[in-house]
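Inspection log for the structure reproduced underneath, given as structure tokens.
Side-chain atoms are counted along with the backbone in the values below, which use heavy atoms only and exclude waters and symmetry mates. Whatever order the structure lists ligands and atoms in, that order sets their numbers, starting from 1.
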Amino acid sequence: MMQHHKISSSFDKEESIVVRQSDTLQELKFLPENTFKLIVSSPPYNIGKEYEKQVALEQYLEWQREIITELCRIVSDDGSIVWQVGNFVHDGEVFPLDIYFYPIFKALGMQLRNRIVWHFDHGLHASKRFSGRYEVLLWFTKTKNYTFNLDPVRVPSKYPGKLHYKGEKAGQPSGNPLGKNPSDYWTLICQEWEQGLIEIPNVKANHPEKTSHPCQFPIELIERCVLALTNEDDWVLDPFGGVGSSLIASIRHKRRGMVIDRENQYIELAKERIRAFQNGVLKIRPLGKPVHKPTGKEKVAQIPSAWIEQQQESLL
Ligand SMILES: C[S@@+](CC[C@H](N)C(=O)[O-])C[C@H]1O[C@@H](n2cnc3c(N)ncnc32)[C@H](O)[C@@H]1O
């Protein structure tokens, strides 16, 4: 089974799992064209995280343009690139990165299929603007003939009992027994992940998937892309692979996976997580698990008594 294959340190089409420590731009030049069915990644946002050096926005975008040019060469003709981005913020001004990335992909002939909004309910609270609660996945394809499997990612319909009310099918269910299209607004994946920030102060120690990496993907986010945009045995690449979340999402569904990252500490963690997955001990939030809904009885859901007085005063 694909999941139990060895972890290789350089790309070979016959292998199944590749974890490569390297600079992405250097590495991409060695990868063969028309190879990867899905390239999915969250690049550094140039916001000064521990793994990046902040530079001027133009310089950052030029670096990314060089990388994306290589990615367009190595993605397969029926393949997709999914670029997951948030905002670059400078001196309090917000620069939504998807706006800057779109023309880069478009100039290279890529075609946008969806701009997916990944919404989450928790995070840092802004004081001089509204708090940011979503990021974006730009899904591009190389051609019009691309792989898209809707059935494996359908979600339960809100009204499965709805019937056709006229015509030949009157009285028959109008929906799809496998569920409905999940739409371009993805929220179910993130809420429990973020909930840890509220209910459990040390999310690193308590969330089932969290490692010491500051910005890792929930595996479920990438599983949806893998299931919809690839078939078994296809190659998936994450060129800023961090601790290997995309690779685990890929091999979990019998795809081949490669991640590239420059940092040794993340590469080692990625290998550990892959081994744990192969041994059946990696904790993964189950795909499609229903969203956690607070009952209102949790301590964190109660209004602090000191606030009640203040609120009453403000109403007078
Ligand atoms: C946003 S994180 C991606 C995390 C990943 N999605 C995960 O689930 O672990 C970006 C990653 O890019 C890596 N990185 C930054 N610059 C790089 C470069 N020039 N070459 C390779 N990796 C780089 C960082 O080490 C970091 O792990």
- prompt: Against heavy atoms of Gln216, which atoms of ligand 1 measure under 4.0 Å?
  reply: 7 (C), 8 (O), 9 (O)

message: Can you tell me if Glu263 has over 12 outside heavy atoms packed within less than 6.0 Å of its CD?
response: yes

message: Please give the remaining members of the hydrophobic cluster of Leu163, linking ILVMFWY side chains under 4.5 Å, ordered by chain and number.
response: none

message: Just to confirm my output: which protein heavy-atom neighbour is closest to atom 9 (O) of ligand 1, and how far is it?
response: Val243 N, 2.9 Å

Proximal atoms of ligand 1 relative to Trp63 (non-hydrogen, under 4.0 Å): 19 (N)

Atom indices of ligand 1, in the order listed, that fall short of 4.0 Å to a heavy atom of Tyr266: 25 (O), 27 (O)

field: Nearest protein heavy atom with distance in Å, relative to atom 6 (N) of ligand 1
entry: Phe217 CD1, 3.2 Å

message: I'd like to check which ligand 1 atoms, numbered from 1 as shown, lie under 4.0 Å from a non-hydrogen atom of Cys215.
response: 4 (C)

Ligand 1 atoms in contact with Glu263 (distance to a heavy atom under 4.0 Å): 25 (O)

- prompt: Where the closest heavy atom to atom 16 (N) of ligand 1 is concerned, which of Gln21, Arg262, Gln84 has it?
  reply: Arg262

message: I'd like to know if Glu52 and Lys49 make a salt bridge, using a cut-off of under 4.0 Å between side-chain N and carboxylate O.
response: no

Output a table of donor-acceptor pairs, distance under 3.5 Å, between side-chain atoms of residues 88-105 and any protein atom two or more places apart or on a different chain; print 'none' if there are none.
unit_1 : atom_1 : unit_2 : atom_2 : d
Asp98  : OD2    : Arg115 : NE     : 2.7
Asp98  : OD2    : Arg115 : NH2    : 2.9

task: Can you sort out which atoms of ligand 1 are near Ser22, meaning under 4.0 Å from one of its heavy atoms?
output: 20 (N), 21 (C)

message: Could you identify the single nearest non-hydrogen protein atom to atom 14 (N) of ligand 1 and state the distance to 0.1 Å?
response: Phe240 CD2, 3.7 Å

Gly241 to ligand 1, any heavy atom closer than 4.0 Å: yes

query: Which protein heavy atom lies closest to atom 15 (C) of ligand 1, and at what distance to 0.1 Å?
result: Pro44 CG, 3.5 Å

field: Between Ser76 and Lys142: side-chain donor-acceptor atoms closer than 3.5 Å
entry: no

query: Between Trp139 and Phe148, is the ring centre distance below 6.0 Å?
result: yes

- line: Heavy-atom nearest pair, Ala270 first then Gly244, reads CB-N, 3.7 Å

query: Looking at Glu15 and Arg256, does any basic side-chain N land under 4.0 Å from a carboxylate oxygen?
result: no

query: To which protein heavy atom is atom 18 (C) of ligand 1 closest, and what is the distance rounded to 0.1 Å?
result: Asp23 OD1, 3.7 Å

Any Glu52 heavy atom less than 4.0 Å to ligand 1: no

message: Suppose I only count heavy atoms of Ser42 and a 4.0 Å limit; which atoms of ligand 1 are within that range?
response: 1 (C), 2 (S), 3 (C), 10 (C)

message: Can you tell whether the side chains of Arg73 and Glu70 come within less than 4.0 Å, N to carboxylate O?
response: yes

message: I want to confirm something. Looking only at heavy atoms, which of Thr24, Val259, Asp261 is nearest to atom 13 (C) of ligand 1?
response: Asp261

- prompt: Given that the side chain starts at C-beta and the backbone is N, CA, C, O, which of these parts of Ser41 lies under 4.0 Å from ligand 1, counting heavy atoms, or is it both or neither?
  reply: neither

field: Spatial distance of atom NZ (Lys180) from atom OG (Ser157) [nearest 0.5 Å]
entry: 7.0 Å

